[in-house]
Asks: 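The structure that follows is given in the form of structure tokens.
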Amino acid sequence: MQKTTNNPLYDDLLKEYDHKLSHSGISGERIAKRLFELSQIGFSQVGGIKRPGFSDEEKAAKTLVKEWMVEAGLQVSEDGAGNVTARLEGLQKAPAIASGSHVDSVPNGGNFDGPLGVLSALEVVESWKETGYTPNKPYEVIIFSDEEGSRFNSGLTGSQAMIGAISEEEIAQLRDYNGDTLKEVLTHYGSTLEAFKTAKRDLTELELFVEVHIEQGKKLEQANQPVGIVNGIAGPAWLKVVFVGEAGHAGNTPMIGRKDCLVAAAEFLQSIPEFPKTMNNTAVATVGKLEVFPNGANVIPEKVEMLVDIRDINEKPRDLLIDQLIEQAEKVAIKHEVHAMTKLNTRIKPVPITNELQTRLAASLNKFDIVPTYIPSGAGHDAMNLGRTIPVAMLFVRSKDGISHNPKEWSSLSDCVMGIHVLKDFIENAMKQ
């Protein structure tokens with residue numbers, strides 16, 4: 001195929017695509033084109049995507065998808081938290097079946113995490129439009145705001161607003177990477193804090209939410225299967241740990257008697273990997289963000305701040321792990337004669353997927369000769385928040401080498417489209433329940 005774009009994404013997606021998968025109203029070419037168009041919003045020269053929550057780039061991505069939603073015949077609305085809902089009425093007056101994801105990204109992220117779930121949900125509508133199918137129940141496609149959390153170091157903001165899970169205290173404490181408050185960020189976005197607070201939805205209007213997402217792991221690749229079933233979603237907790245010592249001249253301050261908080265932070269950081277192992281084989285803890293102040297080459301650090309991302313699909317061991325890491329930070333601080341402060345920014349309950357929904361997902365997989373593979377999700381998702389109130393299900397699409405949150409993130413177009421076929425079948429069966 002002749003290259004027609006400056007970004008190889010579109011061409012590479014179609015290069016090895018099995019065009020026989022474009023049937024029943026589902027178009028692989030349309031998915032490739034839309035993934036490419038979204039990839040141009042927030043595109044960086046190193047090949048990644050930068051679309052923080054509530055940014056101009058995230059808003060532009062939502063605007064583009066809203067245009068596609070309108071063209072597909074959906075009624076589109078946006079709440080005060082920036083969550084977009086596109087609705088197709090069904091033959092019956094009933095709670096809706098919904099699907100979707102997000103379009104924001106981590107810094108220098110990939111093209112599939114989030115957008116694939118949004119486009120998969122929308123492609124179901126496109127297929128119905130092309131085949132003349134009218135669903136028995138209402139159907140909604142949802143785009144959630146700020147799922148990744150790169151804006152406030154506390155993710156899933158849109159879905160938390162939708163379920164009414166953000167307190168006044170939490171709102172007051174939110175500051176973004178520029179130091180702006182949530183009120184200031186929302187004003188720039190085009191909303192208000194008052195509208196954000198009214199974004200809570202009556203979730204009795206929804207019967208079920210199902211999300212398609214890239215796996216972000218290697219189990220499907222190892223099983224040689226394109227699509228798998230999520231059997232539980234880990235609840236993330238973000239623990240902020242601050243070590244405070246005493247700044248001094250690197251050359252004139254003797255080693256004995258120093259209060260070097262970076263040395264303390266380093267010991268704490270090095271000890272973290274051992275703690276999850278004492279819990280089970282699903283608990284994890286990671287530090288991906290660390291800041292040193294004043295960050296001078298010839299200055300003993302005065303303060304070190306880090307975020308510890310702690311997750312498990314089981315709540316009790318996850319919370320015990322949090323307590324152990326807080327205790328460890330305090331022990332290390334005492335040893336090095338510095339101070340340690342900890343604050344839990346986020347604590348979200350893990351969400352199990354019911355056996356009934358897993359069985360129904362397996363039936364859809366079997367229809368396309370896919371062997372069901374059951375995978376716990378270590379990552380948090382918007383489905384996790386909705387799952388606190390309504391039934392949720394999730395499908396994973398195979399990820400090349402398990403890479404995610406990285407410009408190299410990749411799922412083949414054939415696997416993506418197979419995931420849409422499974423989603424469509426599952427939703428149509430749910431419409432008959």
Asks: Please say which of Glu71, Glu123, Glu37 ends up in a salt bridge (charged side-chain N to carboxylate O under 4.0 Å, His left out) with Arg30.
Replies: Glu123
Asks: Do Asp180 and His188 have side chains that approach each other closer than 4.5 Å (heavy atoms only, starting at C-beta)?
Replies: no
Asks: Classify the side-chain pair Thr282/Asp312 by whether it contains a donor and acceptor separated by less than 3.5 Å.
Replies: yes
Asks: What are the two closest heavy atoms between Ser411 and Leu13, and how far apart are they?
Replies: O-CD2, 4.0 Å
Asks: Name the atoms and distances for all side-chain donor-acceptor pairs under 3.5 Å in residues 395-404, with sequence neighbours left out.
Replies:
| from | atom 1 | to | atom 2 | distance (Å) |
| --- | --- | --- | --- | --- |
| Arg398 | NE | Asp415 | OD2 | 2.7 |
| Arg398 | NH1 | Asn224 | OD1 | 3.2 |
| Arg398 | NH2 | Asp415 | OD1 | 3.0 |
| Arg398 | NH2 | Asp415 | OD2 | 3.2 |
| Ser399 | OG | Glu215 | N | 3.2 |
| Ser399 | OG | Gln216 | N | 3.2 |
| Ser404 | OG | Gln216 | NE2 | 2.9 |
| Ser404 | OG | Glu409 | OE1 | 3.4 |

Asks: Quick one, Leu357 and Pro391 - any side-chain contact, counting heavy atoms below 4.5 Å?
Replies: yes
Asks: Is the closest side-chain heavy-atom distance between Ile370 and Met418 below 4.5 Å?
Replies: yes
Asks: Between Val125 and Val141, is a side chain to side chain contact (heavy atoms under 4.5 Å, CB included) present by the stated rule, with each step listed?
Replies: CA-CA 9 Å; Val125 179; Val141 179; 4.2 Å; yes
Asks: Please round to the nearest 0.5 Å and tell me the distance separating atom CD of Glu246 and atom CD1 of Ile300.
Replies: 8.5 Å
Asks: How many angstroms lie between atom CZ of Arg87 and atom CG of Leu74, to the nearest 0.5 angstrom?
Replies: 11.0 Å
Asks: Side chains of Asp260 and His336: do they bring a donor and an acceptor to under 3.5 Å?
Replies: no
Asks: How long is the straight-line distance from CG of Leu14 back to CD1 of Ile31, given to the nearest 0.5 Å?
Replies: 11.5 Å
Asks: So, are Glu140 and Arg201 salt-bridged, with charged N and O less than 4.0 Å apart?
Replies: yes
Asks: May I ask you to say whether Lys66 pairs ionically with Glu78, meaning some side-chain N is under 4.0 Å from a carboxylate O?
Replies: yes
Asks: Considering only NZ, NE, NH1 and NH2 on the basic side and carboxylate oxygens on the acidic side, decide whether Asp176 and Arg151 come within less than 4.0 Å.
Replies: yes
Asks: Quick check: closest heavy atoms across Ile272 and Ala285, and the distance to 0.1 Å?
Replies: CG2-CB, 3.7 Å
Asks: Would Gln328 and Ser271 count as having a side-chain donor-acceptor pair, cut-off 3.5 Å?
Replies: yes
Asks: Measuring from atom CD of Gln40 to atom CG of Leu9, what distance do you get when rounded to the nearest 0.5 angstrom?
Replies: 8.5 Å
Asks: Nearest 0.5 Å please: distance from the OG1 atom of Thr373 over to the CG atom of Leu220.
Replies: 5.5 Å
Asks: Any heavy-atom pair between the side chains of Arg318 and Leu321 that's under 4.5 Å?
Replies: no
Asks: Take the angle between the ring planes of Trp410 and Phe112 and call it parallel below 30°, perpendicular above 60°, tilted in between.
Replies: perpendicular
Asks: What heavy-atom pair brings Gly378 and Ala234 nearest, and what distance separates the two atoms?
Replies: O-CB, 3.5 Å
Asks: For Gln225 and Lys219, run side chain to side chain donor-acceptor pair (under 3.5 Å): C-alpha distance rounded to whole Å, both residues' side-chain angles, the deciding distance at 0.1 Å, then the answer.
Replies: CA-CA 9 Å; Gln225 297 298 321; Lys219 291 188 177 181; over 6 Å; no
Asks: How close do Asp104 and Gly149 get, counting heavy atoms only, and between which atoms?
Replies: OD2-N, 4.3 Å
Asks: Which heavy atom of Ala121 sits nearest a heavy atom of Gly100, and at what distance?
Replies: CB-N, 3.8 Å
Asks: Report yes if the side chains of Val65 and Leu38 come closer than 4.5 Å at any heavy-atom pair, otherwise no.
Replies: yes
Asks: If the threshold is 4.0 Å, N to carboxylate O, is there a salt bridge linking Glu168 and Lys197?
Replies: yes
Asks: Does Pro135 have any side-chain contact (heavy atoms from CB on, under 4.5 Å) partners at least two apart in sequence or in another chain, and if so, which?
Replies: Leu88, Trp128, Tyr133, Met431
Asks: Checking ring-ring contact (aromatic ring centres under 6.0 Å, His included) for the pair His102/Phe144: CA distance, chi angles, key distance, verdict?
Replies: CA-CA 5 Å; His102 62 96; Phe144 296 98; 8.9 Å; no
Asks: Taking Asp319 first and then Arg347, would you say they form a salt bridge - that is, a charged N and a carboxylate O separated by under 4.0 Å?
Replies: yes
Asks: Could you tell me if Glu148 and His405 have a donor-acceptor pair between their side chains, going purely by distance under 3.5 Å?
Replies: yes
Asks: Rounded to the nearest 0.5 Å, what separates atom CD1 in Ile41 from atom NZ in Lys50?
Replies: 16.0 Å
Asks: Looking only at non-hydrogen atoms, find the nearest pair between Pro95 and Lys137 and report the distance.
Replies: O-CB, 4.2 Å
Asks: Going by heavy atoms in the side chains, are Lys183 and Thr192 under 4.5 Å from each other?
Replies: no
Asks: Quick one: do Glu58 and Arg51 make a salt bridge, cutoff under 4.0 Å?
Replies: no
Asks: Any salt bridge linking Glu221 with Lys218? Criterion: basic side-chain nitrogen under 4.0 Å from a carboxylate oxygen.
Replies: no
Asks: Between Glu57 and Lys59 (salt bridge meaning N to carboxylate O under 4.0 Å), is one present in this structure?
Replies: no
Asks: Do the side chains of Phe368 and Val422 get nearer than 4.5 Å, heavy atoms only?
Replies: yes
Asks: Taking the side chain as C-beta and beyond, is there a heavy-atom pair between Leu365 and Val227 under 4.5 Å?
Replies: yes
Asks: Under 3.5 Å, is there a donor on one side chain and an acceptor on the other for Lys424 and Ser364?
Replies: no
